[in-house]
Amino acid sequence: MREAGRSRTEVAAQTSAVAAAWLRSLADEQRAAGSWAAPGDALAEEERLRWFYTPTDHGGLPLGAQRPSQQRLVMRLLAAGLSAEGYVTVATIIGWENVLDLVEDFALTWGRERARDPGLYYLRVFGDPLRDRVWGWRFGGHHVSLNNLVVDGEVRAVTPCFLGVDPAAGPALGGTRIRPLAQVEDLAHELVGSLDTDQRDRALLLDRAPTDIVGGNRTRVADGDRMIRLPDVWRGHFADPALADLVTRVSDTAEARAGLSDADHERLALTDAPKGLAGCDLTASQRELLGALVSTYTGRVPAALAPDLRLDEVHLAWAGSTVAGEPHYYRLQGPRFLAEWDNTQRGANHGHSVWRDPQNDFGLDLLAEHRSSHH
């Protein structure tokens with residue numbers, strides 16, 4: 001299933017053609033949700049920079065409000081913008097909502113008919129893919145957020161890129177387990193397990209893990225950012241007091257179980273200078289593991305869209321247990337690269353992973369440069 005190499009220009013051409021076909025397919029009542037102004041329009045840009053990974057309204061036209069032929073165009077867009085491995089993983093996570101519904105005994109609602117709904121994944125296109133020099137698309141729903149920007153016929157930004165899974169593992173026939181993000185977790189455990197005492201002391205930030213990724217769903221990550229609590233990562237706060245109370249109780253219970261002090265949160269805060277153990281202080285075999293782990297993030301997109309990283313400059317920072325199956329968190333950080341993973345919720349069976357470019361998430365720096373050179 002591994003694809004042939006595609007350039008930034010080829011990926012842009014493929015996504016442009018499919019996005020344009022999807023826009024043409026929209027009925028008038030669908031267009032207001034699915035088609036927005038190009039990046040640069042103040043209202044559209046404010047919306048484009050919002051992203052979520054909770055089961056909230058991500059903004060756009062949900063799959064459940066589309067005809068089958070339109071849904072197929074959405075999936076074609078994902079296939080064009082992602083690597084084959086990335087597409088399979090995203091498609092699995094969407095269908096995995098049915099598994100989560102089973103785990104929760106088909107009982108939750110989150111204020112709607114069905115809480116865990118594969119139809120509640122949203123696509124919104126910003127601009128005209130065939131006419132505008134700058135356009136973008138965003139696809140998201142529970143545990144998926146893809147954010148792409150095309151400038152002058154090339155894909156120039158693909159982050160934030162978030163993939164999560166709940167449950168992180170589920171039973172399959174023959175006594176096996178299905179784990180959509182297995183390597184994101186297992187390679188990290190293999191790497192941290194290979195560290196000697198000195199290396200581990202430098203990599204380990206804390207013996208307890210935060211209850212979520214530290215960067216949360218901020219538009220920009222910055223020095224000193226601390227973990228955002230669960231009630232604040234939704235699209236607005238709940239008007240329904242019962243739902244608001246539920247989310248607050250879930251958050252408070254998780255925080256109490258984690259037992260993190262203010263000083264602990266400060267220790268885990270994001271910093272411009274990477275924390276942890278640098279790749280240059282790893283052995284050759286450990287650097288090979290680090291490279292494989294990094295690729296579980298950058299390999300979500302075609303190779304031409306992945307950053308050219310120097311593994312010697314990528315740092316590993318760990319918090320929580322190093323024993324598989326127990327709550328843990330790790331961070332990979334280097335120039336123009338930040339990846340986070342946490343698996344602490346639902347008895348360490350609920351994982352979040354995100355890849356970011358702190359300098360150019362959403363293509364913000366590139367857009368500023370583009371505007372200054374064309375005005």
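Below, all heavy atoms of this structure are taken into account, side chains as well, without hydrogens, waters or symmetry copies.
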Counting N and O atoms only, with roles assigned by atom type, does the side chain of [X] sit under 3.5 Å from a partner on the main chain of [Y], one being a donor and the other an acceptor?
X	Y	value
Gln333	Thr271	yes
Ser295	Ala292	yes
Glu46	Leu43	no
Asp225	Ala222	yes
Asn349	Ala168	yes

Spatial distance of atom [atom1] ([X]) from atom [atom2] ([Y]) [nearest 0.5 Å]:
X	Y	atom1	atom2	result
Asp132	Ser16	CG	OG	10.5 Å
Leu289	Leu191	CG	CG	5.5 Å
His315	Leu338	NE2	CG	13.0 Å
Leu364	Leu149	CG	CG	8.5 Å

Which word best sums up how the rings of Phe337 and Tyr297 line up, parallel for under 30°, tilted for 30 to 60°, or perpendicular for over 60°? perpendicular
Validation row: [X], [Y] side chains within 4.5 angstrom (heavy atoms):
X	Y	value
Asn148	Thr15	no
Gln70	Gln30	yes
Asp128	Trp135	no
Val144	Tyr53	no
Asn147	Phe162	no
Leu290	Leu332	yes

Would you call [X] and [Y] a salt bridge, taking side-chain N to carboxylate O under 4.0 Å as the test?
X	Y	value
Arg220	Asp365	yes
Arg179	Asp186	yes
Glu97	Arg114	no
Asp198	Arg202	yes
Asp262	Arg226	yes
Arg249	Glu255	no
Asp361	Arg218	no

Using every non-hydrogen atom in the two residues, find where [X] and [Y] come nearest and quote the distance to one decimal.
X	Y	result
Leu49	Thr219	O-OG1, 2.8 Å
Ser83	Gly299	OG-O, 2.6 Å
Arg267	Leu204	NH2-O, 4.3 Å
Leu268	Ala319	CD2-CB, 3.7 Å
Leu26	Arg31	O-NH2, 3.1 Å
Pro180	Thr89	O-CG2, 3.9 Å

Got more than 12 heavy atoms from elsewhere within 6.0 Å of [atom1], [X]?
X	atom1	answer
Glu113	CD	no
Glu288	CD	no
Arg336	CZ	yes
Arg310	CZ	no

Are Tyr122 and Arg124 close enough, and set up right, to give a side-chain hydrogen bond (donor to acceptor under 3.5 Å, both in side chains), and what steps lead you there? CA-CA 7 Å; Tyr122 303 76; Arg124 177 163 282 161; over 6 Å; no
Would Ser285 and Thr283 count as a side-chain hydrogen bond (donor to acceptor under 3.5 Å, both in side chains) if you check the C-alpha gap in whole Å, the side-chain angles of each, and the deciding distance to 0.1 Å? CA-CA 5 Å; Ser285 60; Thr283 66; 3.2 Å; yes
For salt bridge (charged side-chain N to carboxylate O under 4.0 Å, His left out), just list the numbers for Arg50 and Glu45, CA-CA rounded to whole Å, side-chain angles, deciding distance to a tenth of an Å, and then say yes or no. CA-CA 9 Å; Arg50 293 192 183 103; Glu45 194 66 350; over 6 Å; no
For Glu340, give me all partners under salt bridge (charged side-chain N to carboxylate O under 4.0 Å, His left out), at least two apart in sequence or on another chain. none
With a 6.0 Å cut-off on ring centres, are Trp96 and His142 close enough? no
Strictly under 6.0 Å, is that where the ring centroids of His352 and Trp341 end up? no
Is there a chain of hydrophobic side chains (I, L, V, M, F, W, Y, each step under 4.5 Å between heavy atoms) that links [X] to [Y]?
X	Y	result
Val247	Ile213	yes
Val125	Phe52	no
Leu163	Val99	yes
Phe126	Leu123	no
Leu260	Leu205	yes

Applying side chain to side chain contact (heavy atoms under 4.5 Å, CB included), run through Met227 and Thr211 and close with a yes or a no. CA-CA 8 Å; Met227 192 196 78; Thr211 58; 3.3 Å; yes
Could you walk me through whether Arg346 and Glu104 pass side chain to side chain contact (heavy atoms under 4.5 Å, CB included), step by step? CA-CA 11 Å; Arg346 208 179 290 281; Glu104 295 173 334; 3.1 Å; yes
Side chain to side chain contact (heavy atoms under 4.5 Å, CB included) assessment of Val90 paired with Tyr121: CA-CA 11 Å; Val90 168; Tyr121 286 79; over 6 Å; no
Per side chain to side chain donor-acceptor pair (under 3.5 Å), Ser353 is matched among His143, Arg300, Glu185 by Arg300
Which pairs, with at least one residue in residues 196-235 and sequence neighbours excluded, count as a ring-ring contact (aromatic ring centres under 6.0 Å, His included)? Trp110-Trp234, Trp234-Phe238
For Ser261 and Asp264: C-alpha separation, side-chain torsions, deciding distance, then whether side-chain hydrogen bond (donor to acceptor under 3.5 Å, both in side chains) applies. CA-CA 5 Å; Ser261 67; Asp264 292 333; 3.1 Å; yes
For Ser194 and Gln286: C-alpha separation, side-chain torsions, deciding distance, then whether side-chain hydrogen bond (donor to acceptor under 3.5 Å, both in side chains) applies. CA-CA 7 Å; Ser194 75; Gln286 289 170 334; 3.3 Å; yes
Partner of Leu277 under side chain to side chain contact (heavy atoms under 4.5 Å, CB included), picked from Val314, Leu195, Val192, is Leu195
